Amino acid sequence: MDLFDKCFEFTDAKEAIASGLYPYFHELQTGQDTEVTMSNKKNVLMVGSNNYLGLTNDPRVKKAAIEATEKYGSGCSGSRFLNGTLDLHVTLERELARFMQKESSLLFSAGFLANLGIISAIASRGDYILCDRANHASIYDGCRLSFAKMFKYEHNDMVALEKLLQKLGSDTAKLIITDGVFSMEGDLANLPEIVRLAKKYKARILVDDAHGIGVLGKNGRGTAEYFGLEDEVDMIMGTFSKSFASLGGFLVASEPICHYIQHVSRPLIFTASMTPASTGAALKALEIIEQEAERRHHLIKIAESFRNGLKEQGFTIKEGITPIIPVLVGDMNNTFLACKLLFDNGVYVNPVVSPAVPPDATMIRTSLTATHTEDQIDHAIEVFTKVGREMKLIPA
Ligand SMILES: Cc1ncc(COP(=O)(O)O)c(C=O)c1O
């Protein structure tokens, strides 16, 4: 028995490469935009990016990243805890707290690290975590790091959540964690009911709003704003890798919570801080999110057109309002084949297969960008229809 046996015996990906259906690690020869060059194929319509507001190529955001690099250099060479805190980090924290209308904010070097760092710091041995089954992997890894006891409830099943809360009683320390917008299917957490149950059973709430902030709510503050429940959600986590067109993650919460996490969170203390470029870009993106509401309005509008267009052609899609629009295929090989045929026809989308979803619920995850034009959306529907008919996913 050798440690590396599992590597030598791992053939799945190589078989997929040999079959020509391997859908991962495509190389981009351009930046993220609505049209990209990918695997040396030009003018590929990008319908699978989390660049929701289309800011990754915005000249103002790029300029802010360059200016921050010129002023502060290419890296911070240390943790926030010691030599790695820039005044720019502190400005971004202050601006985020103001924007999200919470007392305080805390930056992490990635969204993934934010979940690891928040959950492992705030939940300890003897505490309980209640997790929606469809929560992001970083939440589960945060739970593992925390030593708290974690229970999963079925996706958005509020009866199941209440049963768990009842079992634990009011006298235990409990944290309910949910994605605000679920990353694969694009549906929303039932936040009104989660808030009601949290109050009834004295639990705290953490919402991972990686896909909601910038997109949902009158002011772009995300799922809690969309439901009018911002004051009821104790902690909101976000990322800069999607609407904010950068890299990094954050928490907004009350001052004592952020202050505590800042001083005990290992994924915050023992890693280098966000680069000047990422911080400058995120700060500029925040300014644009606040000033240009028309971006999210257009995004929600084209998401509706895309949903309706696909439905009219006979595709089975998940209902919703967000720019994440999953198209059900229901079989892994067909999902890979559909992605390949779409790509051959100039449209990039993401396959979602087991274990991210059950094997019979595999799907094509599409996600739109605010800078997509109506014509690009119509073109994507045409290509989907051509491929869908060819594969008999929809009627001829
Ligand atoms: C719901 C959710 N939370 C957290 C993350 C991690 O964020 P990041 O990519 O910034 O590390 C992601 C990224 O895919 C996500 O979808």
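Given the structure is predicted, the values throughout are model-derived calculations rather than measurements. Remember, it's 1-based here, ligands and their atoms both numbered in the order they're listed.
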Inspect the surroundings of CD in E390 and state if more than 12 heavy atoms from other residues, nucleotides or ligands are less than 6.0 Å away.
yes

For atom 16 (O) of ligand 1, find the nearest protein heavy atom and state the residue, atom name and distance (0.1 Å precision).
H211 NE2, 2.6 Å

Would you sort out whether N219 and E225 count as a side-chain hydrogen bond (donor to acceptor under 3.5 Å, both in side chains), showing the intermediate values?
CA-CA 8 Å; N219 300 286; E225 185 188 25; 2.7 Å; yes

Report yes if some N/O of G111 lies less than 3.5 Å from some N/O of ligand 1; otherwise report no.
yes

Closest to atom 9 (O) of ligand 1 among protein heavy atoms sits S241 OG, 3.3 Å

Any donor-acceptor pair under 3.5 Å linking the side-chain atoms of S39 with those of H26?
yes

Would you say K167 has more than 12 foreign heavy atoms packed within less than 6.0 Å of its NZ?
no

Could you check whether R60 pairs with E292 (Lys NZ or Arg NE/NH1/NH2 to Asp/Glu carboxylate O, under 4.0 Å)?
yes

Atom 6 (C) of ligand 1: which protein heavy atom is closest, and how many Å away?
F112 N, 3.4 Å

What protein heavy atom is closest to atom 10 (O) of ligand 1, reported as residue, atom name and distance in Å?
T239 OG1, 2.5 Å

Closer than 4.0 Å to some heavy atom of A210 - which atoms of ligand 1 meet that?
1 (C), 2 (C), 3 (N), 15 (C)

Nearest non-hydrogen protein atom to atom 5 (C) of ligand 1, with distance, is H136 CE1, 3.4 Å

For the residue pair Y22 and Y24, does the interplanar ring angle fall in the parallel (under 30°), tilted (30 to 60°) or perpendicular (over 60°) class?
perpendicular

Give the atoms of ligand 1, by number and element, whose distance to some non-hydrogen atom of K242 is under 4.0 Å.
12 (C), 13 (C), 14 (O), 15 (C), 16 (O)

Starting from atom 1 (C) of ligand 1, locate the nearest protein heavy atom and write down its residue, its atom name and how far away it is, to 0.1 Å.
D208 OD2, 3.3 Å

Please report the C-alpha distance between D33 and N57 in whole Å, then the side-chain angles of each, then the deciding distance to 0.1 Å, and finally whether the side-chain hydrogen bond (donor to acceptor under 3.5 Å, both in side chains) criterion is met.
CA-CA 7 Å; D33 218 325; N57 226 353; 2.8 Å; yes

Close approach, S138 and ligand 1, non-hydrogen under 4.0 angstrom:
yes

Value for NZ (K41) from CG (L28), rounded to nearest 0.5 Å, stands at 14.0 Å

At a 4.0 Å threshold, what atoms of ligand 1 neighbour a non-hydrogen atom of S183?
16 (O)

